[in-house]
Asker: 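Okay, here's the structure, questions in a sec.
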2 protein chains.
Amino acid sequence: MNRTDPGANLAALRDHNTAVVLGLLRCAGPAGASRAELATRAGLTPQAVSKITSRLRDTGLAAEAGRRASTGGKPATALRLVPGAAHAVGVHLDRDALTVTLVDLTGTETATRTAPLDFGAGAEAVLDAVAGAVTALLADHATGDVLGAGVAVPGPLDHRSGVLHRVTGFPRWDGFPLRDALGERLGLPVVVDKDTNAAALGLALRTPRATGSFAYLHLGTGLGAGLVLDGGVHRGPRTGAGEFGHQVVQVDGPLCACGDRGCLEALCLAAVTAGDTARAARLLGIGALNLVRLLDIDSVLLGGGAVLARPTAYVDGVRDVLGGAVPVDVVPEGARVVVGGAAELVLAPLFGV
Amino acid sequence: MNRTDPGANLAALRDHNTAVVLGLLRCAGPAGASRAELATRAGLTPQAVSKITSRLRDTGLAAEAGRRASTGGKPATALRLVPGAAHAVGVHLDRDALTVTLVDLTGTETATRTAPLDFGAGAEAVLDAVAGAVTALLADHATGDVLGAGVAVPGPLDHRSGVLHRVTGFPRWDGFPLRDALGERLGLPVVVDKDTNAAALGLALRTPRATGSFAYLHLGTGLGAGLVLDGGVHRGPRTGAGEFGHQVVQVDGPLCACGDRGCLEALCLAAVTAGDTARAARLLGIGALNLVRLLDIDSVLLGGGAVLARPTAYVDGVRDVLGGAVPVDVVPEGARVVVGGAAELVLAPLFGV
DNA sequence: CCACTTTGGCAACACTGTTGCAAAAGCGCA
DNA sequence: TGCGCTTTTGCAACAGTGTTGCCAAAGTGG
């Protein structure tokens, strides 16, 4: 038996409950929620919620927001997050583009910039570009409290240490300590994760009534997945989870770049290249079906360049294979889901995710 | 964002820490562990551990077990679980056999009975058989404290409500409330789960230094999996996770009983029937590789009738496909892993699993 | 105008793990 | 043998959590 969750003390208890309340407040949105509502939803007593929200108001993270209509007694006082109380930077490093964004405590994007990028130019050049873009973004929209920067990168890496592994096609990045290097440049705490995981995290926090488990399938220059199980991103012990594209769906099929045969990614991308969207969508659906059956997830969300170019075709094709077992949709934010999710890497701990 | 883990109060904090300490004691085995060791491992202060273990000694769950050798100071007092302080019953309902077992607090099997069973005979007959076997088992090995009975069943069901879904080939069981019906007969709390989940849980608790994530692959009359992610059994919202056998690995392949084409189970079982163990093992390995890549798990354990009949052939075949990515082994307990795991369904909450 | 309901705060409380200090019990060296 | 040192454990007082009991505030509905 492993012990990943060790003993907890009173401070941990307080932080946990505070995160739960903050999460409920975030879900409630600008309309807010009353103390009594929070108590019911969190399973705490009203008094406990009163104490917790009192601390939050002292910190400035939450504030009262008017009265609700009465339901037969004293009208409730709505509490809501103060959006400007904290900010986070999101960075999306793609093969040919750099996107940076600034989000507030509620996850709303305040400002976004995009610039072309040559990811293959090496660490120094890319770090310069990122630092420049982030500094300019912060200068234009000066805010007091920037908690840190979340960075979404394609390819394998170690989430905890923030070190890149072998980024396919970019050997110069092998083993680069991105988190520490960028953290030093920016003078901010930095969190690094795979682009698919960032997107999945963003969706988990963003969707108003997100279900407990879902998969984000990203079909772009590659094919990968971000998995949210029981409300949290499943990264695996080595941040290697989500290798959705290299599942074998055709034993002894065509050779894939990874060396195996019949990988879903190879088949799917071949269909995309051939312009056979129907076949690509069907193959994507087969992979999704395998995943749904193995993990019993609640819904499937599609994204990535290929999907966003022909959204309805892919949604219909995948739905057709899944046969209504679970809902299928395209991510509402489109390509922005990744950079938004990157920023959420910084905010998520506040909400206990 | 979902809120599956709501607010916690002091009682929850105490229970959590108690479970952590009990889990560590169970890992320590008969040799036990000192208070200082427990404190380090749990991340608690020695005083907190002293208080917690004091409560455990009052309850009778733990006891002192002699002195350790000194390491330069006062020698430590070893604490260990009292095996007989609590017992649990495990029931394994298979298509043609019934196995019941009695385990103590440490998960050690005290007594086991096996009898032939006609699962298709319907609920009443099977319940009679189970009740008879359990009563006889308890009469022979009278112990004071039996916490409950865990039941492992093949086929889909709802773990939380204990209601069976459609058990393949046995329509008479559709929608049967097994947990409540058996609970009433036995006069004990009953927990129901899929056989593969029970096995995985047993392995998670049993293995001395279990890694955080692994998969138990069961190749018998069907092909299924039990998944342990981050130390806990992943069942999915509807207890539907682990449908490992119906992943498509051959697009447009041969028809499977489930209606799809190219399912791993159909291909694998065909190879088993044809006596082509090498092919069956290779196919199993391909499925395992898909799973390892998707979830980044630490190890793969094989079980089930077909595997246990030719263990080395399967282990070698699967290892060959996985290429050393993760360790592969056959479950040490053999077929008993399921009934042992069934009993652990009852004990697991004590240890916070 | 008066019950009644609902919301939320104040004060006292019970219980958690924590801190400070001391005793117990061994080792090692003079 | 005596002394200092280390390590383990316990007692007592403490800080801080959520809880309970009670009550004021502020609406609705008769």
Side-chain angles (χ1 to χ4, degrees), chain A residues 5-22 24-25 28 31-59 62-80 352, chain B residues 5-22 24-25 28 31-59 62-80 352:
Chain A
D5 53 0
N9 55 20
L10 287 172
L13 178 70
R14 183 195 55 215
D15 292 348
H16 171 82
N17 284 342
T18 305
V20 168
V21 170
L22 278 173
L24 290 173
L25 283 176
S34 75
R35 293 168 176 79
E37 275 174 35
L38 294 172
T40 308
R41 294 230 216 139
L44 295 169
T45 60
Q47 267 310 310
V49 172
S50 260
K51 286 192 177 180
I52 291 167
T53 54
S54 172
R55 288 197 297 262
L56 290 177
R57 288 198 298 157
D58 291 346
T59 326
E64 298 198 339
R67 292 275 168 96
R68 288 280 182 76
S70 165
T71 61
K74 173 177 175 178
T77 315
L79 292 166
R80 60 167 180 74
Chain B
D5 52 0
N9 54 20
L10 286 172
L13 179 69
R14 182 195 57 215
D15 291 349
H16 170 82
N17 285 341
T18 305
V20 168
V21 169
L22 278 172
L24 290 173
L25 283 175
S34 74
R35 292 168 177 81
E37 275 175 35
L38 294 172
T40 308
R41 294 231 216 140
L44 296 168
T45 61
Q47 267 311 309
V49 172
S50 259
K51 285 191 179 180
I52 292 167
T53 54
S54 172
R55 288 197 296 262
L56 290 177
R57 288 198 298 159
D58 290 346
T59 326
E64 298 197 340
R67 291 273 167 98
R68 289 280 182 77
S70 166
T71 61
K74 173 175 174 178
T77 316
L79 292 166
R80 60 168 180 74

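Just so it is clear: chains get the letters A, B, ... in the order the sequence lines come, proteins before strands, and each one is counted from 1. Below, all heavy atoms of this structure are taken into account, side chains as well, without hydrogens, waters or symmetry copies.
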Asker: Per the side-chain hydrogen bond (donor to acceptor under 3.5 Å, both in side chains) rule, what does the pair list look like for residues 45-55 of chain A, sequence neighbours excluded?
Answerer: none

Asker: Would you tabulate the pairs of protein nitrogen or oxygen atoms and nucleotide nitrogen or oxygen atoms of nucleotides 17-19 of chain D closer than 3.5 angstrom?
Answerer:
from   : atom 1 : to    : atom 2 : distance (Å)
D:dT17 : OP1    : A:R14 : NH1    : 3.1
D:dG18 : OP1    : A:N17 : ND2    : 3.1
D:dG18 : N7     : A:K51 : NZ     : 3.1
D:dG18 : O6     : A:K51 : NZ     : 3.3
D:dT19 : OP2    : A:T45 : N      : 3.2
D:dT19 : OP2    : A:T45 : OG1    : 2.5
D:dT19 : O4     : A:K51 : NZ     : 3.4

Asker: For a 4.5 angstrom cut-off between non-hydrogen side-chain atoms, does B:R67 reach B:T77?
Answerer: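 Yes, at least one pair of side-chain atoms sits under 4.5 Å.
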
Asker: Please list, chain by chain and in numerical order, all residues satisfying side chain to side chain contact (heavy atoms under 4.5 Å, CB included) with A:A12, sequence neighbours excluded.
Answerer: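 Result, side chain to side chain contact (heavy atoms under 4.5 Å, CB included) vs A:A12: A:A8, A:N9.
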
Asker: Going 5' to 3' along DNA chain C, between which two nucleotides do contacts with chain A fall, using a heavy-atom cut-off of 4.0 Å?
Answerer: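 The contact span of chain A on DNA chain C goes from C:dT5 to C:dT18.
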
Asker: Minimum heavy-atom separation for A:R80 and A:G32, please, with both atom names.
Answerer: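 Heavy-atom minimum between the residues: CB-CA, 4.0 Å.
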
Asker: Are any of the side-chain heavy atoms of B:L25 and B:L56 separated by less than 4.5 Å?
Answerer: yes

Asker: Rounded to the nearest 0.5 Å, what separates atom CG in B:L79 from atom CG in B:L24?
Answerer: 11.5 Å

Asker: Side chain of A:H16, backbone of A:A11: donor and acceptor closer than 3.5 Å?
Answerer: no

Asker: Got a list of side-chain donor-acceptor pairs under 3.5 Å for residues 33-40 of chain A, not counting sequence neighbours?
Answerer:
from  : atom 1 : to    : atom 2 : distance (Å)
A:S34 : OG     : A:A36 : N      : 3.4
A:S34 : OG     : A:E37 : N      : 3.1
A:R35 : NH2    : A:E64 : OE2    : 3.0
A:E37 : OE2    : A:R68 : NH1    : 2.9
A:T40 : OG1    : A:A36 : O      : 3.0

Asker: How does protein contact run along nucleotides 24-30 of chain D, one letter per nucleotide 5' to 3', with B for base contact, S for sugar-phosphate only, - for none, heavy atoms under 4.0 Å?
Answerer: -BBBS--

Asker: Nearest 0.5 Å, please: how far is CG in A:L13 from OG1 in A:T18?
Answerer: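 A:T18 OG1 to A:L13 CG: 9.0 Å, rounded to 0.5 Å.
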
Asker: With a 4.5 Å heavy-atom cut-off, do B:L44 and B:I52 have their side chains touching?
Answerer: yes

